[in-house]
**Student:** 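Got a structure for you, questions after.
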Amino acid sequence: MQHGPAVRRRKLGAELRALRAGAGLTSGEAARLVGWHQSKVSRIETGASGVKPADVRLLLDVYGVRDSQLRELLLVLAGSDESVGRHHWWHAYRGVLPPTYRDFISLESQASAMRTLETSVVPGLLQTPEYARAVTRAAVDGMAEERVDALVEVRLARQDVLRSEPPLELSAVLDEAVLRREVGGPEVMTRQLERLVEAARLPHVRLQVLPFAAGAHIGVTGPFVIFSFSSTSDLDVVVLDHLTSSLYLERKEDLQAYTEAFNALQFHALSPEDSLDYIAVLGDGA
């Protein structure tokens with residue numbers, strides 16, 4: 001388990017190494033073409049050192065990579081600050097967001113699919129403004145109102161990934177506790193449940209409820225997120241959130257274990273159709 005920046009370096013390096021090999025170049029040949037020493041290419045490919053976005057562009061040009069989506073994803077992994085379309089908007093909130101949260105948003109903005117288990121609160125991408133505000137205030141007691149406002153703005157801005165073209169494919173399993181925990185009061189919770197019903201009807205959102213009747217399950221150890229990328233499965237990553245940081249799991253065996261866990265959770269959860277009905281009934285009674 002590593003923190004975001006280390007994972008990004010390793011994943012970026014591995015992808016650049018594969019692209020170089022695909023271009024039929026040795027590391028020495030690639031270094032000569034860009035005017036570097038071979039050791040610099042080696043350090044980048046092993047993730048031993050960071051790499052500037054400008055250097056990534058140079059390597060991608062040499063390797064003949066023209067796929068704009070793949071290029072932009074690799075630039076995000078390199079920490080590019082350039083604004084392209086809806087990407088990188090979060091840099092305006094650098095003074096508010098901790099680095100681990102910025103890392104999470106950068107991956108979320110580039111991912112093609114997201115699978116998430118939530119055991120306590122509604123996923124951020126599906127929260128109403130009022131629910132987001134209540135959760136934010138509860139997370140850090142005594143937070144200045146201006147900071148709360150900024151964090152709520154970020155939470156809502158993140159939701160643009162569900163309205164983009166193509167939209168993020170979201171699969172979420174919600175423990176029943178998420179639906180029954182009254183966050184922000186009855187009125188806030190009623191609107192939040194309505195929002196979940198609206199989201200569940202979107203073609204790119206699959207929402208399932210894991211009822212209390214399912215008993216103990218593999219997700220009792222805590223929530224997690226799996227990001228997948230259409231350009232390459234080698235960049236898929238699992239994110240575990242903690243109170244003060246996030247941990248990123250990138251090994252194939254970790255990805256396989258969490259993928260199997262998520263599949264098992266979906267199997268034991270209510271179907272999307274029954275989940276929608278269940279949430280609607282709770283909303284009517286809230």
**Student:** Counting neighbours of CD on Glu187 that are heavy atoms of other residues, nucleotides or ligands and sit closer than 6.0 Å, is the number greater than 12?
**Tutor:**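 Open.
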
**Student:** Keeping the roles fixed (side chain from Gln192, backbone from Leu126), state whether a donor-acceptor pair exists under 3.5 Å.
**Tutor:**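 At least one qualifying donor-acceptor pair exists.
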
**Student:** Given the rule in the side chain to side chain contact (heavy atoms under 4.5 Å, CB included) test, do Leu151 and Leu97 qualify, once you have shown the distances and angles that lead to the verdict?
**Tutor:** CA-CA 8 Å; Leu151 289 174; Leu97 304 180; 3.7 Å; yes

**Student:** Do Leu59 and Val65 have side chains that get closer than 4.5 Å, going by heavy atoms?
**Tutor:**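 Answer no - side chains too far apart.
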
**Student:** Which atoms form the tightest heavy-atom contact between Leu70 and Leu19, and what is the distance?
**Tutor:**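 For Leu70 versus Leu19, the nearest heavy atoms are CD2-CD2, 4.4 Å.
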
**Student:** Show, in sequence, the C-alpha distance, side-chain angles and deciding distance for Lys252 and Asp236, and conclude whether the salt bridge (charged side-chain N to carboxylate O under 4.0 Å, His left out) test is met.
**Tutor:** CA-CA 9 Å; Lys252 291 186 181 298; Asp236 291 0; over 6 Å; no

**Student:** Identify the two heavy atoms, one from Leu168 and one from Glu108, that lie closest to each other, and give their separation to 0.1 Å.
**Tutor:**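 Looking at all heavy atoms of both residues, the shortest contact is CD1-O, 4.5 Å.
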
**Student:** Would you compute the distance between atom CE of Met114 and atom CZ of Phe229 and round it to the nearest 0.5 angstrom?
**Tutor:**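 Nearest 0.5 Å value for the CE-CZ distance: 11.0 Å.
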
**Student:** Measuring only between side-chain heavy atoms, which start at C-beta, is Arg158 closer than 4.5 Å to Val161?
**Tutor:**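 The answer is no, as the side chains (C-beta and beyond) never meet within the 4.5 Å cut-off.
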
**Student:** Set out, in order, the CA-CA distance, both residues' side-chain angles and the distance that settles side chain to side chain contact (heavy atoms under 4.5 Å, CB included) for Val154 and Trp90, then state yes or no.
**Tutor:** CA-CA 7 Å; Val154 169; Trp90 56 90; 5.7 Å; no

**Student:** Stepwise, does the side chain to side chain contact (heavy atoms under 4.5 Å, CB included) test hold for Tyr258 with Arg115?
**Tutor:** CA-CA 10 Å; Tyr258 276 87; Arg115 288 164 284 177; over 6 Å; no

**Student:** More than 12 foreign heavy atoms under 6.0 Å from CZ of Phe212: is that the case here?
**Tutor:**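 Above 12, so yes.
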
**Student:** I need the Leu249 CG to Arg251 CZ distance, nearest 0.5 Å.
**Tutor:**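 CZ of Arg251 is found 7.5 Å from CG of Leu249.
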
**Student:** Going by the rule ring pair (Phe, Tyr, Trp, His ring centres under 6.0 Å), which residues pair with Tyr101 if we only count those two or more places apart in sequence or in a different chain?
**Tutor:**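 Result, ring pair (Phe, Tyr, Trp, His ring centres under 6.0 Å) vs Tyr101: none returned.
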
**Student:** Shortest non-hydrogen contact from Arg66 to Leu60?
**Tutor:**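 Looks like NH1-O, 4.4 Å.
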
**Student:** Just wondering, do Leu125 and Leu162 contact through their side chains at under 4.5 Å, heavy atoms?
**Tutor:**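 The answer is yes; the side chains approach within 4.5 Å.
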
**Student:** Does any part of the side chain of Tyr248, heavy atoms only, come nearer than 4.5 Å to the side chain of Phe227, both counted from C-beta?
**Tutor:**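 No, too far: nothing below the 4.5 Å cut-off.
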
**Student:** Is there a side-chain contact between Val41 and Arg17 (heavy atoms, below 4.5 Å)?
**Tutor:**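 No, their side chains stay 4.5 Å or more apart.
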
**Student:** Please round to the nearest 0.5 Å and tell me the distance separating atom CD1 of Ile226 and atom OG1 of Thr259.
**Tutor:**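 Between Ile226 CD1 and Thr259 OG1, I get 4.0 Å after rounding to 0.5 Å.
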
**Student:** Report the distance from atom CE of Met189 to atom CG of Leu179, rounding to the nearest 0.5 Å.
**Tutor:**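 So the CE of Met189 and the CG of Leu179 are separated by 6.5 Å.
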
**Student:** Looking at Arg180 and Asp175, is any side-chain nitrogen of the basic one under 4.0 Å from a carboxylate oxygen of the acidic one?
**Tutor:**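 Looking at Arg180 together with Asp175, the answer is no, because their closest N to O distance does not fall below 4.0 Å.
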
**Student:** Ignoring hydrogens and angles, state whether a donor on the side chain of Thr26 or Arg20 is under 3.5 Å from an acceptor on the partner side chain.
**Tutor:**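 No.
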
**Student:** Answer yes or no: is there a donor N or O on one side and an acceptor on the other, between the side chain of Ser275 and the main chain of Val209, under 3.5 Å?
**Tutor:**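 Yes, Ser275 side chain to Val209 backbone: donor-acceptor pair under 3.5 Å.
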
**Student:** Mark yes when over 12 heavy atoms from residues, nucleotides or ligands other than His204 sit less than 6.0 Å from its NE2; otherwise mark no.
**Tutor:**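 Atom NE2 in His204 is crowded, with more than 12 foreign heavy atoms closer than 6.0 Å.
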
**Student:** If I compare all heavy atoms of Pro123 with all of Ala172, which pair ends up nearest, and what's the gap?
**Tutor:**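 Where Pro123 meets Ala172 most closely, the heavy atoms are CG-CB, 4.4 Å.
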
**Student:** Got a donor-acceptor contact below 3.5 angstrom from the Gln208 side chain to the Gln266 backbone?
**Tutor:**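 Yes; at least one donor-acceptor contact below 3.5 Å.
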
**Student:** So Leu207 and Leu276, do their side chains get closer than 4.5 Å, heavy atoms only?
**Tutor:**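 A side-chain contact is absent here, since even the closest heavy-atom pair is not under 4.5 Å.
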
**Student:** Which value, rounded to the nearest 0.5 Å, describes the distance between Leu75 atom CG and Ser68 atom OG?
**Tutor:**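 Reported to 0.5 Å precision, the distance equals 11.0 Å.
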
**Student:** Taking it one step at a time, do Lys52 and Asp55 satisfy salt bridge (charged side-chain N to carboxylate O under 4.0 Å, His left out)?
**Tutor:** CA-CA 5 Å; Lys52 297 177 181 178; Asp55 289 342; 6.0 Å; no

**Student:** Could you tell me which non-hydrogen atom of Leu156 sits nearest to which non-hydrogen atom of Thr128, and how far apart they are?
**Tutor:**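 Result for this residue pair: CD2-C, 4.5 Å.
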
**Student:** Between Arg155 and Gln127, is there a donor-acceptor pair closer than 3.5 Å when you use the side chain of the first and the backbone of the second?
**Tutor:**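 A pair under 3.5 Å: no.
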
**Student:** Before giving the answer on side chain to side chain contact (heavy atoms under 4.5 Å, CB included), spell out for Leu265 and Leu210 the whole-Å C-alpha distance, their side-chain angles and the decisive distance to 0.1 Å.
**Tutor:** CA-CA 7 Å; Leu265 290 165; Leu210 192 64; 3.8 Å; yes

**Student:** So do the side chains of Leu33 and Leu25 get within less than 4.5 Å of each other, counting heavy atoms only?
**Tutor:**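 A side-chain contact under 4.5 Å exists here.
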
**Student:** Please determine which of Leu193, Val152, Val183 meets the side-chain contact (heavy atoms from CB on, under 4.5 Å) test together with Tyr131.
**Tutor:**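 Exactly one candidate clears the test, Val183.
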
**Student:** Of all residues at least two apart in sequence or in a different chain, which pass the side chain to side chain donor-acceptor pair (under 3.5 Å) check with Glu153?
**Tutor:**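 By the side chain to side chain donor-acceptor pair (under 3.5 Å) rule, Glu153 matches Tyr93.
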
**Student:** Evaluate the salt bridge (charged side-chain N to carboxylate O under 4.0 Å, His left out) criterion for residues Arg191 and Glu194: first the C-alpha distance (whole Å), next the side-chain angles of each, then the deciding distance (0.1 Å), finally the verdict.
**Tutor:** CA-CA 5 Å; Arg191 175 60 192 127; Glu194 291 173 351; 3.5 Å; yes

**Student:** Rounded to the nearest 0.5 Å, how far apart are OG of Ser164 and CD of Gln159?
**Tutor:**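 Here the rounded value is 12.5 Å.
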
**Student:** Is the backbone N or O of Ser228 less than 3.5 Å from a side-chain atom of Ser112, with the two atoms forming a donor-acceptor pair by type?
**Tutor:**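 Confirmed, Ser112 side chain pairs with Ser228 backbone.
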
**Student:** Do the non-hydrogen side-chain atoms of Arg195 and Val122 ever get within less than 4.5 Å of each other?
**Tutor:**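 Not in contact.
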
**Student:** Kindly give the heavy-atom pair with the smallest separation between Arg181 and Thr119, and that separation in Å.
**Tutor:**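 Answer, listing the atom of Arg181 first, then Thr119: NH1-O, 4.2 Å.
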
